[in-house]
Amino acid sequence: MSLLEDLINLDITETGSIIAEYIWIGGSGLDVRSKARTVKAPIKSPKDLPKWNYDGSSTGQAPGEDSEVILYPQAIFKDPFRKGDNILVICDAYTPQGDPIPTNKRYAAAKIFSDPAVEKELPWFGIEQEFTLLQKEVKWPLGWPVGGFPGPQGPYYCGVGADKAWGRAIIDAHYKACIYAGIQISGINGEVMPGQWEFQVGPAVGISAGDQLWCARYILERITELAGAVLSLDPKPIEGDWNGAGCHTNYSTLSMREEGGYEVIKKAIEKLGLRHKEHIAAYGEGNERRLTGRHETADIHTFSWGVANRGASIRVGRDTEKEGKGYFEDRRPASNMDPYTVTSMVAYTTILYNP
Ligand code: ADP
Ligand code: MN
Ligand code: MN
Ligand code: MN
């Protein structure tokens with residue numbers, strides 16, 4: 001090991017201090033930002049941490065003459081990069097007067113999840129984050145010949161081998177880093193389009209699903225930074241006969257998981273159909289390029305559902321149908337969706353909305 005690596009791995013436990021990396025979402029609503037500060041150990045909950053601030057004029061979130069944005073610590077994870085007792089801190093953002101800033105989607109989501117009717121239903125979410133890895137210099141998918149295309153889709157989904165899977169070290173490093181951090185990452189797989197992968201977070205309860213997915217995205221950005229690849233959450237990175245990238249959101253409530261749950265599921269799907277337009281509007285930028293009715297998607301303008309149907313907006317699994325209870329999958333969200341918005345909207349429409 002080099003002296004540089006030795007120093008990076010120095011154990012600072014004895015000092016009684018730890019490093020807290022404060023993470024927030026920047027002005028595009030998709031860019032993750034972070035900065036670090038030293039705090040006294042031990043930190044057991046976000047409440048033990050001080051609020052902090054950043055220059056919102058540099059992230060497109062505040063005017064220069066009144067640039068301060070305040071970070072409120074909301075969730076903590078173990079830091080897989082610094083290890084030891086060091087932590088990652090997921091924050092949301094407020095004006096100095098205490099109002100959530102417009103890009104703070106967590107605030108409204110937390111409100112919905114703290115509604116007693118929603119809390120009682122213990123909503124679970126399993127989010128499948130699909131993403132594409134790009135070559136840094138040319139922004140073209142990993143493994144693809146520069147200026148050209150690989151052979152057609154078919155051999156790549158869950159594929160193995162040097163001519164089928166590109167970027168596995170990144171995906172595997174991310175997998176373990178997420179488990180270490182305390183994220184409920186439930187699996188990974190190679191995707192249909194070469195250079196595209198998926199990880200799943202869940203089932204996680206309520207607002208925690210969003211906190212965990214954002215932390216997992218942050219960790220992925222950090223690992224791709226180390227590996228010299230570029231992370232793309234574009235829902236259709238390559239036009240033509242190539243699969244897009246989604247963020248399928250698997251969902252269940254307590255009543256759906258209990259006896260008679262299948263009836264509750266059917267009612268929930270009916271309500272989702274009534275608010276299809278509103279959901280599509282909130283399910284990610286550029287999703288119209290992905291939801292074409294081809295490549296395992298449903299057409300963006302039409303709401304549909306079906307058992308085991310990967311061409312429907314909502315898919316119910318065979319097991320759920322057979323057991324008469326379980327969960328369903330909303331296949332519409334794009335890879336670049338905000339999980340706070342999507343999870344809370346699904347909970348709102350299926351639990352609180354009364355047509
Ligand atoms: P797919 O077959 O669509 O590829 P995945 O296996 O990739 O599905 O992802 C399914 C996700 O759903 C996982 O994260 C899993 O933990 C989650 N899940 C399982 N059971 C439930 C449930 N009852 N409610 C919500 N999510 C669930
Ligand atoms: Mn999946
Ligand atoms: Mn997938
Ligand atoms: Mn899926």
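Every value quoted in this text rests on a predicted model; they were computed, and no experiment measured them. These numbers come from the heavy atoms of this one structure, side chains and all, not from hydrogens, waters or symmetry mates. For ligands, and for the atoms within them, numbers begin at 1 and follow the listed sequence.
- The nearest protein atom to atom 10 (C) of ligand 1, hydrogens excluded, is given as Asn250 ND2, 3.5 Å; this is a heavy-atom distance.
- Grouping the Ile, Leu, Val, Met, Phe, Trp and Tyr side chains by contacts below 4.5 angstrom, directly or via other members, places Ile43 apart from Ile183.
- For the pair Arg257 and ligand 1, the shortest N or O to N or O distance does not fall below 3.5 Å.
- The distance criterion of under 3.5 Å between nitrogen or oxygen atoms is met by Gly202 with respect to ligand 1.
- Hydrophobic clustering of Ile, Leu, Val, Met, Phe, Trp and Tyr side chains at less than 4.5 Å, counting indirect connections, unites Val146 with Met193.
- The nearest heavy-atom contact from the protein to atom 5 (P) of ligand 1 is Glu128 CD, 3.8 Å.
- Heavy-atom distances between Gly326 and ligand 1 stay at or above 4.0 Å for every pair.
- With respect to the Mn ion (ligand 3), Glu198 has OE1 as its nearest N, O or S atom.
- Using a 4.0 Å cut-off to heavy atoms of Gln200, the atoms of ligand 1 that qualify are 7 (O), 9 (O), 14 (O).
- The distance from ligand 1 to the heavy atoms of Ser252 drops below 4.0 Å at these ligand atoms: 22 (C), 23 (N), 24 (N), 25 (C).
- Cation-pi geometry between Lys51 and Tyr72 is met: under 6.0 angstrom from the ring centre, within 45 degrees of the axis.
- By the 30° and 60° cut-offs, the orientation of the rings of Tyr218 relative to Phe81 is perpendicular.
- Note on ring orientation: taking the six-membered ring where Trp is involved, the planes of Trp166 and Tyr156 are tilted (angle from 30° to 60°).
- For atom 20 (N) of ligand 1, the closest non-hydrogen atom of the protein is Tyr327 CE2, 3.5 Å.
- For atom 13 (C) of ligand 1, the closest non-hydrogen atom on the protein side is Ser186 OG, 3.6 Å.
- The closest non-hydrogen atom to atom 3 (O) of ligand 1, taken over Met256, Arg315, Arg310, comes from Arg315.
- The OE2 atom of Glu191, the Mn ion (ligand 3) and the OE2 atom of Glu130 define an angle of 90° (nearest 10 degrees).
- The aromatic rings of Trp242 and Trp144 sit tilted relative to each other, their planes meeting at an angle between 30° and 60°.
- Residue His248 forms a side-chain contact (heavy atoms from CB on, under 4.5 Å) with just one option from Glu128, Arg310, Gln129, and that option is Glu128.
- Nearest N/O/S atom of Glu128 relative to the Mn ion (ligand 2): this is OE1.
- Contacts with ligand 1 closer than 4.0 Å are made by heavy atoms of both the backbone and the side chain of Trp124.
- Not one N or O of Ile127 is nearer than 3.5 Å to an N or O of ligand 1, by distance alone.
- Taking only non-hydrogen atoms, the option from Glu296, His248, Glu198 nearest to atom 7 (O) of ligand 1 is Glu198.
- Ring geometry, Phe131 versus Phe199: the interplanar angle falls from 30° to 60°, so the pair is classed tilted.
- Linking ILVMFWY residues whenever their side-chain heavy atoms come closer than 4.5 Å, directly or via other members, places Val118 and Met256 in the same cluster.
- If you look at Tyr251 and Tyr327, their ring centroids are not closer than 6.0 Å.
- Close approach of ligand 1 to Gly126 (heavy-atom distance below 4.0 Å) involves ligand atoms 12 (O), 14 (O), 17 (C), 26 (N).
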